[in-house]
Amino acid sequence: MAIMSSREEDMSLDVLPEACIANVLSFTCPRDACRLSMVCSLFKAAEESDFVWERFLPRDYQSIISKSDASSMLLASASSKKHLYLMLCEKPLIIEGGKKSVSLEKKSGKKCYMLSARDLIIVWGDTPTYWKWNSDPSSRFGEVAELISVCWLEIRGKINATMLSPATLYTAYLVFRPTRGLYGLDYQPVEVGVGLVGSECGMRNVYLDSERGRRQQYHFVSRRIGLFNRCRIVGMPASEPARENNGQYPKKRGDGWLEIELGEFFCKEGEDRELEMSVQEVKGGDWKGGLIVEGIEIRPKEDT
């Protein structure tokens, strides 16, 4: 019995130094470290240490934070590295003069970016006849872009792959919402794609109308309206239900906006090229309008 007691004492986690436990936890991920903190009080103390959360923060987190006008306030309000980590997870940090936002995926610490509408290349974006720039209280950015009417829709976003977390599969999304006057996009698909600049990018069709898949199929006729005799599409209900197609439809986000997936990109270790994301409808020739664009978000692909 005395021998068993000695072995149990030798195997007790309490004999390990807290620094040793912290070092072990630092090789896990934030989600697993939080789970392990429930094992015992020693693990809890080790999990709370700055040493562990310094490892979970991106290596360039100080450089990232320095790009924000709120950097001093953020660092001053963070009581620990864990607190700083959680702050970056819970509220996107606006950087580069309001053109981008950055946050962390809570379970992994991987970086997520959103390019604001002002950071995108929008064809005719500075022509008030076609696009209008507004403030929107529901947006994290100072301005959003409202599509008034164009026949050539082309939106592109670029970000250097070095800004992303290495060895990570990312998905890009257009973040937007329709206005009550949406037209020309309720039946016409747009082409989207993601890829490195200079490389071939597989394009696919998606729909920006979230209601399209739940409506009856429509017959369409054109009606000339407004300036330059633009053709607006008027729908007449058909007797047949809408047929399934291979396109994808938008999903509602937690912040109230819609998002549509543009494609995926695996960020290799040491990748130093520009990643480009595109949304375009340039083949149909029909006029379209009634869309508000907040930006393009790039975040780690969700587990399925």
Side-chain angles (χ1 to χ4, degrees), residues 30 57-58 60-78 83-122 125-126 131-148 155-160 163-165 168 170-179 182 192 194 208 210 250-263 265 275-279 290-302:
L57 286 163
D60 58 346
Y61 78 91
Q62 292 179 330
S63 174
I64 293 172
I65 293 174
S66 69
K67 297 177 182 178
S68 170
D69 293 338
S71 58
S72 299
M73 183 174 63
L74 177 68
L75 293 173
S77 60
H83 187 199
L84 177 61
Y85 178 94
L86 294 175
M87 291 170 69
L88 291 173
C89 292
E90 292 164 1
K91 185 176 181 180
L93 183 65
I94 305 301
I95 61 173
E96 297 185 9
K99 290 185 176 181
K100 291 184 178 71
S101 74
V102 60
S103 61
L104 301 181
E105 185 188 51
K106 196 169 187 178
K107 64 182 180 181
S108 67
K110 303 284 189 179
K111 290 181 281 187
C112 310
Y113 282 93
M114 185 186 285
L115 315 183
S116 71
R118 275 295 186 191
D119 204 29
L120 303 178
I121 302 166
I122 301 177
D126 292 326
W131 288 87
K132 183 167 63 174
W133 293 89
N134 304 317
S135 60
D136 191 313
S138 66
S139 174
R140 68 184 66 176
F141 300 113
E143 287 183 301
V144 296
E146 181 179 351
L147 172 60
I148 305 302
I155 301 171
R156 296 184 182 275
K158 294 182 180 180
I159 187 171
N160 197 292
M163 297 177 67
L164 305 177
S165 298
T168 302
Y170 276 92
T171 308
Y173 301 86
L174 176 71
V175 182
F176 71 100
R177 72 163 179 263
T179 68
L182 175 72
V192 298
V194 176
L208 299 184
S210 59
K251 295 180 180 179
K252 193 168 185 179
R253 295 160 52 96
D255 57 10
W257 291 79
L258 299 179
E259 65 180 25
I260 186 74
E261 183 178 326
L262 306 182
F265 168 73
L275 178 67
E276 183 176 56
M277 299 136 287
S278 64
V279 180
L291 203 69
I292 298 176
V293 176
E294 184 181 29
I296 291 179
E297 187 173 55
I298 310 103
R299 64 177 188 260
K301 183 177 175 62
E302 296 177 4

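The model shown is predicted, which means the values in this text are computed figures rather than measured ones.
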Are any side-chain N or O atoms of Ser71 and backbone N or O atoms of Ser68, one a donor and one an acceptor, separated by less than 3.5 Å? yes
Is the side chain of Trp133 donor-acceptor paired with the backbone N or O of Gly125 at a distance under 3.5 Å, no angle test? yes
Under the salt bridge (charged side-chain N to carboxylate O under 4.0 Å, His left out) rule, collect the residues that match up with [X], sequence neighbours excluded.
X      : answer
Glu294 : none
Arg177 : Asp136
Asp69  : none

Mind checking the [atom1]-[atom2] spacing from [X] to [Y]? Nearest 0.5 Å is all I need.
X      : Y      : atom1 : atom2 : result
Ile94  : Lys67  : CD1   : NZ    : 14.0 Å
Tyr113 : Leu275 : OH    : CG    : 12.5 Å
Ile122 : Leu147 : CD1   : CG    : 9.0 Å
Tyr170 : Ile298 : OH    : CD1   : 9.0 Å
Arg299 : Thr168 : CZ    : OG1   : 14.5 Å
Met73  : Ile65  : CE    : CD1   : 12.0 Å

Shortest non-hydrogen contact from [X] to [Y]?
X      : Y      : result
Leu104 : Pro58  : CD2-CG, 3.6 Å
Leu262 : Leu174 : CG-N, 3.7 Å
Ala172 : Val194 : CB-CG2, 3.8 Å
Glu261 : Val192 : O-CG2, 4.0 Å
Ile64  : Ile95  : O-CG2, 3.9 Å
Gly290 : Leu182 : O-CD1, 3.5 Å

Determine whether Trp257 and Val144 satisfy the following criterion, side-chain contact (heavy atoms from CB on, under 4.5 Å), listing intermediate values before the conclusion. CA-CA 12 Å; Trp257 291 79; Val144 296; 4.1 Å; yes
Determine whether [X] and [Y] make a side-chain contact, defined as any pair of heavy atoms from C-beta on separated by less than 4.5 Å.
X      : Y      : result
Leu258 : Leu208 : no
Ile292 : Thr179 : yes
Tyr173 : Lys251 : no
Met277 : Leu115 : yes
Ile260 : Val279 : no
Ile159 : Ile296 : no
Arg118 : Phe141 : no

Ring pair (Phe, Tyr, Trp, His ring centres under 6.0 Å) filter on Tyr61, not counting sequence neighbours, yields none
Identify, with sequence neighbours excluded, every residue that meets side-chain hydrogen bond (donor to acceptor under 3.5 Å, both in side chains) alongside Glu276. none
List for me each residue that meets side-chain hydrogen bond (donor to acceptor under 3.5 Å, both in side chains) alongside Thr171, sequence neighbours excluded, and say none if there are none. none
Applying side chain to side chain donor-acceptor pair (under 3.5 Å), which residue pairs with at least one partner in residues 88-107 are found, sequence neighbours left out? Glu96-Lys100, Lys100-Asp119, Ser101-Arg140, Glu105-Ser108, Lys107-Asp303
Which residues pass the side chain to side chain contact (heavy atoms under 4.5 Å, CB included) test with [X], not counting sequence neighbours?
X      : answer
Gln62  : none
Pro30  : Trp53, Phe56, Tyr85
Lys132 : Asn134, Glu146, Ile148

Can you tell me which residue pairs pass the salt bridge (charged side-chain N to carboxylate O under 4.0 Å, His left out) test with a partner in residues 108-117, sequence neighbours excluded? Asp60-Lys111
